[in-house]
Structure formats: structure tokens, C-alpha cells
Q: 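Have a look at this one.
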Amino acid sequence: LGDVYKRQSLEIAEQRLKEAVGRYPMNAAPYVELGTFYKEQGDYEKAEKLFKEALGVDSRNVSAHLALAWLYKEQENFSLYQEQLEKTIIAIPESGQAHAELGKLFREQGKFSQAEELLNKALILEPQNQQLIIELVNFYKIVEDFSQAQDVIEKALRNNPNNDLLFSELAKIQFEQGGFSQAEESLKKALELNPRSPIRYDELAQFYRYFGKYSKAGDLLKKAINLFPSSAQELYLELAWLYNDQGRFNLAEGAFKAALQGGPADIQVYIELSKFYEDRKKMIQSEKVLLRAIDLSPQTTRLYMILAGFYKNQKRYKDAERMLKKAVSLDRFNTEKYIGLASLYEDMGESQRAIEYSEKAQRIRQLDKQEIRDSFLKIKEILDARKIQLVWVQYPMYKVELLKEIFQAEKRVIFVDNEAIFKEAIKKDGYSEYFLDLSAGNSGHCTAKGNRLLAENIANTLIKEYFEQNELK
């Protein structure tokens, strides 16, 4: 009801929802609807009051119970979130969803045995609930118990042998365990069961692309494009990169352009086409594509950061500066933009301005440092409880001392420092050899070469700091 009226105006939506509450005072649903409306507007006090009123009308209304729990979660009041979920289970012990929600919370807190018990109980209560099946499977995947995850899926398939989503999930688990031929058969079965889903064509095509079976992947994607014109944009993107993998660059370019012509293009299409041109050393086309994306979406700061990285790669420092300053004007409280400017000024030899923007980034970082510190320490607490060694990998080009500050009083933390090794590599080979963009300020998403350097440095650090040290013991 609320969704219909919201399209007209928020004022009308609020008024109509209030009228529904007045018309049906003994029905919990209108209270939940109006409470949800207020939650979406950020008026948590009114939302909480209405959810509680809904429970006053019907103390066993699961929607009201969960809406109140989710409200506390959105406000990051996790103690009240847990308390409300526990109240829900007491009030409605047959609710699988309530058990699953509490199980997910315990999973996030590292209480894995309690999480497992609750997620299994949820599925016992609602054995046909597909969402609960997937939640339990995801739990076992997170704790890397793929055998249990597979057992859950196979049991669900015995009860529902025509469920394409379950076969798709089974394929992922089989793939993780190296059962590639079984994964292929499961993906084929998922497609056979639901040939009206473009996702089923796409995932099987991605499987074939991974193993270099380009002809099979291409046939599936082309068939899907013809069958599902509303999904053509995403499918053309997959086809473009498939052609790119084969070195069929003209066909790849054509597929990218087809993705742009299939309706209002997602900004991601422009980003990927720009990267394609940059890889081909077609810098003019690459720049034009990014500028066109900015024309279409001038409030998207990510586009300015990508274009800044593009200009920086070509040593067009003034253009890069202009893009970064535009990004800052759109988001003044994001440290990445200031770090990007500091890094740029360092490259330009303007050390004073580099220091100025580094200090600005540091001042902003101080605002949320305590929250980050608490989160990082919680991760260590969870891993310590499970006797798992914590290895913290700093971003390329960032100082590892920022991490060491957080863990200064903690023992048994291995730090991977990626600052010096990447700066030396960039000095030798150039920024674009190792990074695709400037998304992290003074670095970005790695190229294949960047990922290789990162992986090698992590491996070397682990050999030195963990394996060799353990041998000495």
C-alpha cells in the first residue's frame, strides 16, 4: 500500500497510511506499514512507537516483531536487536525466520556453534523455505564446511527436485571442492529446469569461459540475448569480455556498443568500455567514454576518481587535479579523495600541498577511527577464540603503521606492508601497470600484474613471519 502512494508524494502516502491505521485499529499490518514508512524517512522514534503499537494489537505478529528488530539493527543497537529477536522466538517459537535472523547475528559475532544450532532449527521449522536453506548453506560456506553445505542442498533437492536455484547453489559448492564436471552438470540441470531465466544462461556461460570453452559460452550468451532483451545489457557485457579473452577485439568493441544501445545504459558499461579502450591504448576513445558517463551521471564521484586515475597515468596532472577536486566537492568527508590529491601533488613535486591534503585526510579519518578500531579488534577477538592467526594486509601504497596503531597492544598479529614494494614497482614500470584506477585515493583496483605483486608479497610475508617462525619454535 505504502509503495503505491509514495510515488505520488510523501505527504499523501503518510496521510493514507494514517487513515488505514484509523480504519483498521485492530489490524497490526497498517501499523507496520506506517512504521516502515517512518523508518525509511529516518524517523526512528515514530517507527519504534508504531511497531510497538502493532505488537499491542497482535503480540504474535511476526512482521511487527521483525520490523522492530530490524529497526534496532539499522540504528546499530545490536543489544536491542538481539533482545528483540529473542523476544520474537519466545512469542512465536514456530517462526523459522526469527531463528534464522538470530542465527545470522550470532554468526556475525563469531558464535558459530549457536549460529549453526539456530539456523538448523529454522530449517526444521520451515523445511520448504528456500531462503532459510540458502542461509544455512551460506553459513557452512563461511566456515568452509563444504561437505555440510552440500548435504543441506542435496537434502533440500530430495524434497524439491525441480528447484533451479538449489541446483545453481549446488554447482557453486561442487566447484569450490574441485568437482568441476559435477558443477557443470548441476548448472545444466538448473538451466533445463528454468530456461526462462537469463541468470541460468549467464552462470553456465561464465563456467565455460573460466575453462576456456569460448564457443559454448558464446552460444549461450547469444541465445540469452535473443531470448531476454530486457537483460541484454548485462549479457552483452559478458559477451564483450568473452571476445576480449579470445583477442577478438573488434567483436568485443561491437558487443560493448551493443550494450550501450540496449536502452538507458548503466554507468558500469561506460566504465568497462573505457577500460577496454585503455587496454587497447586507444586513449582518446577511453577518455571520451568516461566524459560521456560523467555527462549522464554528474553526481557519481567514482567516475571522477576513475578519470583522475586515467589522467594521472598519462601524467596529465592538472586534469587529474581538476577531477579529484570535483570529487571532493561532491563528497567532502571521504578520505580517499584527499589521499588521492596528496598522492598527486607528491608526483607533481608539490610537497607542501601533498602534506596539506594528507593532514586533511587524517583529520577526517579521526572522526571514525574509534568505530574502525572497535570493529578490527572484534575481528581479532573472534579469530583468537577459534585459535586462528590474524594476518592483516594493508592496501598497496598505504602505510602499515596505520594498522599497527590500532593493534599496538595486541599480540599475534602479522602485518603485510605493501607500501614500499608498490612504490618501487610504480617508479620502475609506471602506475597503470599495477592499478586500473584511483578508487582508493593513492591507489586503486589492481591489474593482473598488481594482483600478482600483491599475492607474492603476502606469500613472502607469511613464509617469513609465520611458517619460518613456527619452524624455529
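Worth knowing before you read on, the calculation uses all heavy atoms, side chains too, and leaves out hydrogens, waters and symmetry mates.
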Q: Over all heavy atoms of both residues, which pair between Val416 and Val400 is shortest? Give the atoms and the distance, please.
A: O-CG2, 4.1 Å
Q: Kindly write out the residues that satisfy ring-ring contact (aromatic ring centres under 6.0 Å, His included) with Trp241, not counting sequence neighbours, or none if the list is empty.
A: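 Partners of Trp241 by the ring-ring contact (aromatic ring centres under 6.0 Å, His included) criterion, ordered by chain and then number, come out as Phe256.
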Q: Could you check if a side-chain atom of Tyr140 sits within less than 4.5 angstrom of a side-chain atom of Asn138, using non-hydrogen atoms only?
A: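 No - every pair of side-chain heavy atoms lies 4.5 Å or more apart.
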Q: Side chain of Gln394, backbone of Lys399: donor and acceptor closer than 3.5 Å?
A: yes
Q: Side-chain contact, heavy-atom cut-off 4.5 Å: Tyr434 with Cys446?
A: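 No - every pair of side-chain heavy atoms lies 4.5 Å or more apart.
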Q: What residue among Glu253, Lys282, Gln285 forms side-chain hydrogen bond (donor to acceptor under 3.5 Å, both in side chains) with Tyr277?
A: Glu253
Q: Among all residues two or more places apart in sequence or in another chain, which pass the ring-ring contact (aromatic ring centres under 6.0 Å, His included) test with Phe422?
A: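 For Phe422 the ring-ring contact (aromatic ring centres under 6.0 Å, His included) partners, ignoring immediate neighbours, are Phe435.
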Q: Does the Ser343 side chain pair with the main chain of Ile339, one donor and one acceptor, at a distance under 3.5 Å?
A: no
Q: So, Gln15 and Glu11: side-chain donor and acceptor under 3.5 Å apart, yes or no?
A: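 No.
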Q: Any salt bridge between Lys216 and Asp219, counting N to O under 4.0 Å?
A: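 A salt bridge is absent here (no side-chain N lies under 4.0 Å from a carboxylate O).
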Q: Any chance you could lay out the salt bridge (charged side-chain N to carboxylate O under 4.0 Å, His left out) test for Glu287 and Arg316, step after step, and finish with the verdict?
A: CA-CA 12 Å; Glu287 180 182 9; Arg316 293 170 59 180; 3.1 Å; yes
Q: Apply ring pair (Phe, Tyr, Trp, His ring centres under 6.0 Å) to residues Phe207 and Phe180 and explain how you reach the verdict.
A: CA-CA 9 Å; Phe207 176 88; Phe180 302 127; 7.3 Å; no
Q: Could you walk me through whether Glu76 and Lys73 pass the salt bridge (charged side-chain N to carboxylate O under 4.0 Å, His left out) check?
A: CA-CA 5 Å; Glu76 298 186 357; Lys73 182 182 181 182; over 6 Å; no
Q: Check for a donor-acceptor pair, side chain of Thr300 on one end and backbone N or O of Leu303 on the other, with a separation under 3.5 Å.
A: no
Q: Check each of Glu346, Glu359, Glu321 against Arg353 using the salt bridge (charged side-chain N to carboxylate O under 4.0 Å, His left out) test, and report the only one that passes.
A: Glu321
Q: Would you call the rings of Phe175 and Tyr210 parallel, tilted or perpendicular if under 30° counts as parallel and over 60° as perpendicular?
A: perpendicular
Q: Looking at Lys188 and Leu204, what are the two nearest heavy atoms and their distance?
A: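 Minimum heavy-atom separation between Lys188 and Leu204: CG-CD2, 4.2 Å.
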Q: Do the non-hydrogen side-chain atoms of Glu101 and Leu105 ever get within less than 4.5 Å of each other?
A: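 Result no, sub-4.5 Å side-chain heavy-atom pair not found.
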Q: To the nearest 0.5 Å, tell me how far Lys360 NZ sits from Ile355 CD1.
A: 13.5 Å
Q: Under the side-chain contact (heavy atoms from CB on, under 4.5 Å) rule, collect the residues that match up with Ser63, sequence neighbours excluded.
A: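 In terms of side-chain contact (heavy atoms from CB on, under 4.5 Å), with neighbours along the sequence ignored, Ser63 is linked to Asn61.
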Q: So, Lys312 and Asp319, do they make that salt bridge, N to O below 4.0 Å?
A: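 The answer is no: the pair does not qualify as a salt bridge.
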Q: For Tyr214, is there any backbone N or O sitting under 3.5 Å from a side-chain donor or acceptor partner on Gln246?
A: no
Q: Is there a donor-acceptor pair under 3.5 Å between the side chain of Ser329 and the backbone N or O of Lys326?
A: yes
Q: Between Thr447 and Glu433 (side chain of the first, backbone of the second, donor and acceptor by atom type, cut-off under 3.5 Å), is there such a pair?
A: yes
Q: Is there a donor-acceptor pair closer than 3.5 Å between any side-chain N or O of Asn244 and the backbone N or O of Ala240?
A: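 Not a single qualifying donor-acceptor pair exists.
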Q: Quick one, Lys213 and Arg209 - any side-chain contact, counting heavy atoms below 4.5 Å?
A: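 No - every pair of side-chain heavy atoms lies 4.5 Å or more apart.
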Q: For Tyr81 and Trp70: C-alpha separation, side-chain torsions, deciding distance, then whether ring pair (Phe, Tyr, Trp, His ring centres under 6.0 Å) applies.
A: CA-CA 7 Å; Tyr81 174 49; Trp70 290 329; 8.5 Å; no
Q: Quick check: closest heavy atoms across Ala259 and Val269, and the distance to 0.1 Å?
A: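 Closest approach of Ala259 to Val269, heavy atoms only: CB-CG1, 3.9 Å.
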Q: When you measure from the side chain of Asn457 to the backbone N and O of Asp417, does any donor-acceptor pair fall under 3.5 Å?
A: yes
Q: Assess whether salt bridge (charged side-chain N to carboxylate O under 4.0 Å, His left out) is satisfied between Lys423 and Glu419, documenting all intermediate values.
A: CA-CA 6 Å; Lys423 283 186 174 178; Glu419 182 186 15; 3.1 Å; yes
Q: Would you say the side chains of Asn129 and Glu126 form a donor-acceptor pair under 3.5 Å?
A: yes
Q: When you look at Lys189 and Glu185, which way does the salt bridge (charged side-chain N to carboxylate O under 4.0 Å, His left out) test go after all the steps?
A: CA-CA 6 Å; Lys189 185 65 176 177; Glu185 290 308 310; over 6 Å; no
Q: Let me know which of Gln182, Lys172, Gln150 forms a side-chain hydrogen bond (donor to acceptor under 3.5 Å, both in side chains) with Gln177.
A: Gln150
Q: When you check the gap from the basic side-chain N to the acidic O, do Lys141 and Glu176 get nearer than 4.0 Å?
A: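 Salt bridge flag = no for Glu176 with Lys141.
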Q: Describe, in one word, how the ring planes of Phe276 and Phe249 are oriented to each other, choosing from parallel (under 30°), tilted (30 to 60°) and perpendicular (over 60°).
A: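 Phe276 vs Phe249 ring planes: tilted.
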Q: Taking all non-hydrogen atoms of both residues, which atom of Ser168 and which atom of Ala190 are closest, and how far apart?
A: N-CB, 4.1 Å
Q: Given side chains that start at C-beta, do those of Glu135 and Arg107 come closer than 4.5 Å, heavy atoms only?
A: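 Sidechains of Arg107 and Glu135: in contact.
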Q: Could you give the distance from CG (Asn163) to CD (Gln130), rounded to the nearest 0.5 Å?
A: 4.5 Å
Q: Do you know the tightest heavy-atom contact between Phe415 and Thr461?
A: O-CG2, 3.6 Å
Q: Does Tyr345 have its ring centroid less than 6.0 Å away from the ring centroid of Tyr357?
A: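 Yes, the ring centres sit under 6.0 Å apart.
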